[in-house]
Amino acid sequence: MDKGNRPLAGAFLKDHFQFISVEESMTRTHHWAGLALGSTLLVALAVSIVPSTPPASAQSQADRICLGQGIGSSSAGYEYCLSRATRALEWGKPELAYSLARMTADSRDACMSYGLAPTTTDYRACLERETHARSQVIYSDEPQYEHQIATP
């Protein structure tokens with residue numbers, strides 16, 4: 001090991017690194033703490049000013065549910081599916097919205113299996129009858145009463 005280079009290394013370090021006093025160190029610490037606090041406050045202000053993204057409307061969610069059951073906007077039964085699913089979502093019952101969309105798709109399939117053309121009034125009447133009858137089953141499956149209606 002060559003000890004001849006040590007004084008040169010010490011001189012190099014002494015020239016490039018400043019030794020600061022405790023008072024200067026505290027001042028620098030306060031400076032960095034103030035900078036950090038100010039940055040945090042600016043970020044918090046920016047976040048509070050930026051508008052939040054509103055949740056998807058019940059109708060747009062219902063549209064996705066109906067589309068998921070194969071009932072597009074040009075399909076027969078779309079308006080029925082959309083209105084019923086939207087109402088169920090507004091009631092806070094997404095499971096009912098899915099059931100109603102499935103029921104509308106089943107009703108549509110039943111009317112198609114009868115050989116009715118979707119553009120006819122007979123098809124629309126069939127769809128109305130089928131959805132009404134099937135909706136009675138859906139609504140009767142899960143009766144939810146807040147209070148006892150009749151006492152024995």
In Å and rounded to the nearest 0.5 Å, what is the OH to OG distance from Y80 to S135?
4.0 Å

Inter-residue atom distance D122.CG - L127.CG, 0.5 Å rounding:
12.5 Å

OG on S99 to CD1 on I65, rounded to 0.5 Å:
10.0 Å

What do the steps show when you test Y98 against K93 for side chain to side chain contact (heavy atoms under 4.5 Å, CB included), and what is the final call?
CA-CA 9 Å; Y98 283 98; K93 304 225 178 233; over 6 Å; no

To the closest 0.5 Å, what do you measure between CD (Q59) and CZ (R64)?
11.5 Å

Would you please name every residue forming a side-chain hydrogen bond (donor to acceptor under 3.5 Å, both in side chains) with Y123, sequence neighbours left out?
none

How close do L67 and S73 get, counting heavy atoms only, and between which atoms?
CD2-N, 4.5 Å

From CA spacing to verdict: side-chain hydrogen bond (donor to acceptor under 3.5 Å, both in side chains), S57, S60:
CA-CA 5 Å; S57 69; S60 66; 3.3 Å; yes

Say whether T104 and S107, considering side chains only, have a donor N or O and an acceptor N or O under 3.5 Å apart.
no

Suppose we screen for side-chain hydrogen bond (donor to acceptor under 3.5 Å, both in side chains). Which residues come up paired with T120, at least two apart in sequence or across chains?
none

Quick one about Y78 and D63 (side-chain donor to acceptor, distance below 3.5 Å, no hydrogens or angles considered), yes or no?
yes

Kindly compute the distance separating CZ (R134) from CZ (R129), expressed to the nearest 0.5 Å.
12.0 Å

Is any NZ, NE, NH1 or NH2 atom of the basic residue among R124 and E128 found under 4.0 Å from an Asp or Glu carboxylate oxygen of the other?
no

Suppose we screen for side-chain contact (heavy atoms from CB on, under 4.5 Å). Which residues come up paired with L45, at least two apart in sequence or across chains?
S48, I49

Output the distance between atom CG (L100) and atom CG (L89), rounded to the nearest 0.5 Å.
9.5 Å

Partner residues of A105 under the side-chain contact (heavy atoms from CB on, under 4.5 Å) criterion, sequence neighbours left out:
Q69, I71, R102, R108

Which residues, ordered by chain and number, are linked to L37 in its hydrophobic cluster, where ILVMFWY side chains connect at heavy-atom gaps below 4.5 Å, directly or through other members?
L41

Could you list all the disulfide (SG to SG under 2.5 Å) pairs where at least one residue sits in residues 70-103, not counting sequence neighbours?
C66-C81

